[in-house]
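Hydrogens, waters and symmetry mates are skipped; everything else that's a heavy atom, side chains included, is used. Quantities reported herein were computed from a predicted structural model and do not represent experimental measurements.
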Amino acid sequence: MAKGLPKRSEDFSAWYNELVGKADLAEHSGVKGCMVVKPYGYAIWENMKAILDQKFKETGHQNAYFPIFVPKSLFEAEEKNAEGFAKECAIVTHYRLKNDPDKKGKLMVDPDAKLQEELIVRPTSEAIIWSTYKKWIQSYRDLPLLINQWANVVRWEMRTRLFLRTTEFLWQEGHTAHATKSEALEETEKMMHVYADFAEDYMAMPVIKGLKSESERFAGAEDTYCIEALMQDGKALQAGTSHFLGQNFAKAFDVKFADSEGKQKYVWASSWGVSTRLIGGLIMTHSDDLGLVLPPKLAPIHVAIVPIYKGDEQLAKISEVANKLKADMQAKGIIVKYDDDDKRKPGWKFAEYEMKGVPVRIAIGPRDLENGTVEVARRDTLEKESLQQVDLAIKVEHLLEQIQINLLDRAKAYREEFTNVAATWNEFTELLDGKGGFVQAHWDGTEETEQKIKEETKATIRCIPFDQKEETGSCIYSGKPSKGMALFAKAY
RNA sequence: CGGGGUGUGGCCCAGUCCGGUCAAGGCGCCUGGUUUGGGACCAGGAGAUCGCAGGUUCGAAUCCUGCCACCCCGACCA
């Protein structure tokens, strides 16, 4: 692994790009905008997935799987949804290749194999799923229908960045159907909280919960709830969304049920999703100029043990101690890698595990053998201390908990420092041009104002936070009356 | 879609302006040895039709034409 990263302070974007590569998380593939998620990066996703999946099941959802292709006629059924995604769709038009008569050894699309109806590669699955729900739902007894899907989707974006915005990405999408509006709203809200809890409890990434403005709302939704996180460069990241879909899809796909009185009614819906983008958020929340910093609850490896030795005999003695400590830690559910690879020197390994964000590193050398100690280094603070081998597993267990807490505290403190209230337009622009971060300000609630602010400052309304005191004021831009504050930021 | 850039062993890249032992260097890999408390060192070795297709020329990584791909910056977006 090559050494050294660009500094965050000098070029955040280059720092991020190189970190993703050097920490062995992902790389560009030969396909435009599409990434290869490498084993170490995928292990993080698997951890996220396992926890989220458990949370979905605890909240009553079941997993299912729907096709990657959506026939155009289904896709266009819900007009707003179709319109919103139309300009970023991959479309399958043919189903066969043939040998090119003009170019030996080359293939060409067989013009005779044109599909009667084009297939859209799903950018999201509402259409295909609601066309299926029509068959599944007849009675109020079939409701609520609570389904989640783990899948890949394709959105043909102009510009991509590893994890943050790739043409193909992995995600989960929940699609639920309910008998009443209030149930659907409750579900929408519940899943936003599930996401927020996951972000804080596992990713150690504090988020702001709120409502999207109309222009930022999901195409086809009545309301979009979201969680917004703040990255170390002062830009916001939309980390998850939960949509209240009203009866839009039920009407578009004619999904009705008979209520207990036998009356036919349209069902109410929600959909919600998070993606591999969370990994980008994880990176940009905690990592430093030495590399990745991972919260223990998501780290593929909790502890790396590095032996420091001269000769096979000494290595054998160290290995004996290391393996015993490893077994003790594993018994507590700690994931330990004992790295006795003789081809790498300790210094190389130290740098490598720092780059990969392993929360705790333990070094064991001849001095430690004599003293019954080990050297314990924590990734978050880079502090090192010598600890007695006795009860090490318990100490490491506590240390991992402390690291998890510290990362969240640190991220919260950062966010607090970079969340400011602007009372005047001057303050507003100065904050956005200067330190960046979230800026709370009164907004008149109109799309025109939102658009003008975006044009002049590049900042968008990330959300109207739920957690704010009722307070009237006047719009930062137009001076018109405002019923509350919106949260602005430049965003990814 | 605009602007910029890049394409040379597995990876990073020199060389391209000015055509001629130019296919260099570093990392990695293989062999052997010495090393090991913050990215070791020595010796030897393997590995490239220089993105693709044409063209100019005695001769092309280098010049010309066309094409393709990817990256970065913007607009758009999770």
Side-chain angles (χ1 to χ4, degrees), chain A residues 1-4 11 13-14 16-18 21-22 27-35 84-89 102-106 123-124 153-173 195 212 215-219 224 226-229 236-243 271-281 290-291 306-312 314-315 318 339-355 361-371 373-375 377 382 384 386 454-455 458 460 462 491-492:
Chain A
M1 197 71 20
K3 50 178 97 168
D11 189 343
S13 180
Y16 176 84
N17 290 335
E18 294 219 16
K22 286 180 172 159
E27 62 189 30
H28 292 286
S29 68
V31 188
K32 180 183 169 64
C34 294
M35 64 178 166
F85 284 102
K87 56 194 187 311
E88 48 185 284
C89 285
D102 301 326
K103 292 176 193 158
K104 216 180 138 198
K106 302 287 183 191
T124 180
V153 287
V154 168
R155 295 182 188 176
W156 215 267
E157 301 287 354
M158 286 304 151
R159 217 174 129 241
T160 58
R161 295 194 68 195
L162 292 174
F163 291 118
L164 296 173
R165 182 173 297 104
T166 46
T167 301
E168 180 195 19
F169 58 94
L170 303 178
W171 77 345
Q172 61 64 221
E173 46 183 324
Y195 289 153
K212 283 290 183 192
S215 70
E216 298 276 333
R217 186 183 295 161
F218 177 75
T224 289
C226 65
I227 55 170
E228 294 283 327
L237 183 77
Q238 178 172 311
T241 46
S242 185
H243 316 292
S271 71
W272 29 272
V274 294
S275 71
T276 35
R277 168 180 256 200
L278 287 178
I279 296 175
L290 293 177
V306 177
I308 297 157
Y309 57 96
K310 292 185 181 132
D312 290 345
Q314 201 170 62
L315 175 61
I318 291 169
D339 187 355
D340 60 352
D341 181 356
D342 193 47
K343 292 189 286 293
R344 305 289 189 196
K345 292 185 65 175
W348 192 93
K349 293 175 186 174
F350 293 170
E352 177 70 3
Y353 291 119
E354 274 158 11
M355 185 64 82
R361 186 187 69 235
I362 294 176
I364 309 174
R367 287 205 302 262
D368 297 303
L369 285 185
E370 275 179 39
N371 304 330
T373 57
V374 296
E375 182 194 79
L382 298 168
K384 291 192 268 197
S386 189
K454 185 178 175 183
E455 279 162 21
K458 288 188 178 164
T460 50
R462 303 319 306 153
Y492 276 95

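Across B/G28, B/C72, B/G37, the shortest atom-to-atom separation from the side chain of A/R344 is found for B/G28. Candidate nucleotides B/G38, B/A75, B/G28 were compared by shortest atom distance to the side chain of A/K458, and B/A75 ranks first.
Between A/Y492 and A/D312, the residue anchored nearer the 5' end of RNA chain B, judged by the nucleotide with its closest heavy atom, is A/D312.
Nucleotides B/U21 and B/C30 have their C1' atoms positioned 28 Å apart, rounded to a whole Å. Going from the P atom of B/G10 to that of B/C68 covers 26 Å, rounded to whole Å. Taking the P atom of each, B/G9 and B/A23 are spaced 16 Å apart, rounded to whole Å. Rounded to a whole angstrom, the distance from the C1' atom of B/A75 to that of B/G38 is 46 Å. B/A60 and B/G51 are spaced 15 Å apart, taking the P atom of each and rounding to whole Å. Comparing the C1' positions of B/U8 and B/C52 gives an interatomic distance of 14 Å, to the nearest angstrom. Nucleotides B/A14 and B/U65 have their P atoms positioned 23 Å apart, rounded to a whole Å. The gap from the C1' atom of B/G28 to that of B/A40 amounts to 16 Å, rounded to the nearest Å.
To the nearest angstrom, P of B/C71 lies 8 Å from CG of A/L162. Rounding to whole angstrom units, NZ of residue A/K310 and P of B/G33 are separated by 20 Å. Rounded to an integer number of Å, the gap from A/M35 CE to B/C71 P is 12 Å. At whole-Å resolution of the value, NZ in A/K349 and C1' in B/U36 are 9 Å apart. Per the geometry, CZ belonging to A/R361 stands 10 Å off P belonging to B/G38, to the nearest Å. Computed from coordinates, the A/H28 NE2 to B/C70 P distance equals 11 Å when rounded to whole Å. Counting to the nearest Å, the P atom of B/C41 and the CH2 atom of A/W348 are 15 Å from each other. Following rounding to the nearest Å, A/I364 (CD1) and B/U36 (P) show an atom-to-atom distance of 18 Å.
Residue A/F169 is classed as a base contact, given a heavy-atom separation below 4.0 Å to a base. A/E157 comes within 4.0 angstrom of a base, heavy atoms only. At a threshold of 4.0 angstrom between heavy atoms, the contacts of A/T160 are confined to the sugar-phosphate backbone, with no base atom among them. Here A/R161 lies out of heavy-atom contact (under 4.0 Å) with every strand. Residue A/G33 is in sugar-phosphate contact alone, with no base atom involved, counting any heavy-atom pair closer than 4.0 Å across all strands shown. Within the nucleic acid shown, A/K345 comes within 4.0 Å of at least one base atom, counting heavy atoms only. Counting non-hydrogen atoms under 4.0 angstrom, A/P366 reaches a base of the nucleic acid. Contacts of A/L237 with the nucleic acid, taken as non-hydrogen atoms under 4.0 Å apart, are absent. Across all strands, A/S275 comes closer than 4.0 Å to base atoms (heavy-atom distances). Within 4.0 Å (heavy atoms only), A/S13 reaches sugar-phosphate atoms of the nucleic acid but no base atom. Residue contacts for A/K212: at a heavy-atom cut-off of 4.0 Å it reaches no nucleic acid atom on any strand shown.
A/D342 is linked by a side chain to side chain donor-acceptor pair (under 3.5 Å) to A/Y309, counting only residues two or more places apart in sequence or in another chain. With sequence neighbours excluded, no residue satisfies side chain to side chain donor-acceptor pair (under 3.5 Å) with A/T166. The salt bridge (charged side-chain N to carboxylate O under 4.0 Å, His left out) check on A/R217 picks up A/D223, with sequence neighbours excluded. Considering only residues two or more places apart in sequence or on other chains, A/K349 meets the side chain to side chain donor-acceptor pair (under 3.5 Å) condition with none of them. Applying the side chain to side chain donor-acceptor pair (under 3.5 Å) rule to A/W156 yields no partners; only residues at least two apart in sequence or on another chain are considered.
Side-chain N/O atoms of A/K384 and base N/O atoms of B/G38 include a donor-acceptor pair closer than 3.5 Å.
Within the 4.5 Å cutoff, the side chain of A/L162 has no heavy atoms near those of the A/N17 side chain.
Atoms CG and CD1, from A/D340 and A/I364 in turn, are 11.0 Å apart once rounded to the nearest 0.5 Å.
Distance alone, capped at 3.5 Å, is enough to place a donor-acceptor pair between the A/S29 side chain and the A/C34 backbone. No side-chain donor-acceptor contact under 3.5 Å links A/E27 to the backbone of A/G21.
Paired runs in RNA chain B that reach 3 or more consecutive Watson-Crick or G-U pairs, where each pair keeps both distances under 3.5 Å, cover B:1-7 with B:68-74, B:10-12 with B:25-27, B:29-34 with B:40-45, B:51-55 with B:63-67.
By the 6.0 Å and 45° rule, A/R155 does not stack over the aromatic ring of A/F169.
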